[in-house]
**Q** 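Before we start, here is the structure in question, set down as C-alpha cells.
The chains referred to below are lettered A, B, ... by the order of the sequence lines, with proteins before strands, and numbering in each begins at 1.
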Number of protein chains: 2
Amino acid sequence: AKQRAGIERYWPVSRLAIEADEGVHFERAWLDPEAGKGFCLATGPSKEAGMRIHERAGHPTGEVYELPIEV
Amino acid sequence: AKQRAGIERYWPVSRLAIEADEGVHFERAWLDPEAGKGFCLATGPSKEAGMRIHERAGHPTGEVYELPIEV
C-alpha cells in the first residue's frame, strides 16, 4: 500500500488524461528501489511524445529511447 | 538479415548454453540503433547471474537492475 501511494504521487491521477492526449500507452513499468530508478515500456507516436508525457506529469527525463527493433 | 547477423555476432550460439547454466531467461530484448543501446528484460535467480551471463558472452555490462516491483 505504501508503494502504491508512492506511485500515485509520482504519477498523479491526471496521468491518464495526459496519456490519452499524447497518444502514449504505458504497457509495463518496473522499479528498482535499491538504485532508485524506474523503467517504463510504452508505445506511442514518437519519442518526443514520450518525453512530453514525462514533462507534463512533472518529472522530465532525458532518457527516452526509441526501440524500433525487437530481437 | 543484416540486423539478424549483427545480433548473432553479439550473442553467439553459446548464449543458450550459458543461459541454461546461469538459470537466466531473456524474455524480450530491444535495440535503439540511433543511441547504439540495447535493452533486455530477463528473469533469473539474481542480479549477479544477469551480470555473469553478459560477461561470459563477452560483453560485460555495469547496468543490470533488479526489478522486484512491477507497477
**Q** With chain B, which of A:A35, A:P68, A:G38 has the greatest number of heavy-atom pairs at distances under 4.5 Å?
**A**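 Top option by heavy-atom pairs under 4.5 Å: A:P68.
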
**Q** Are B:L31 and A:L67 packed together at the side-chain level, in the sense that at least one heavy-atom pair is separated by less than 4.5 angstrom?
**A**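 With C-beta onward as the side chain, the pair stays apart.
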
**Q** Which heavy atom in B:R28 sits nearest to a heavy atom in A:L41, and how many Å separate them?
**A**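 In terms of heavy atoms, the two residues are closest at NH1-CD2, 3.7 Å.
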
**Q** Nearest 0.5 Å please: distance from the CH2 atom of B:W30 over to the OH atom of A:Y65.
**A**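 Between atom CH2 of B:W30 and atom OH of A:Y65 there are 14.5 Å.
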
**Q** To the nearest 0.5 Å, how far apart are NZ in B:K47 and CD in A:E34?
**A**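 Between B:K47 NZ and A:E34 CD, I get 5.5 Å after rounding to 0.5 Å.
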
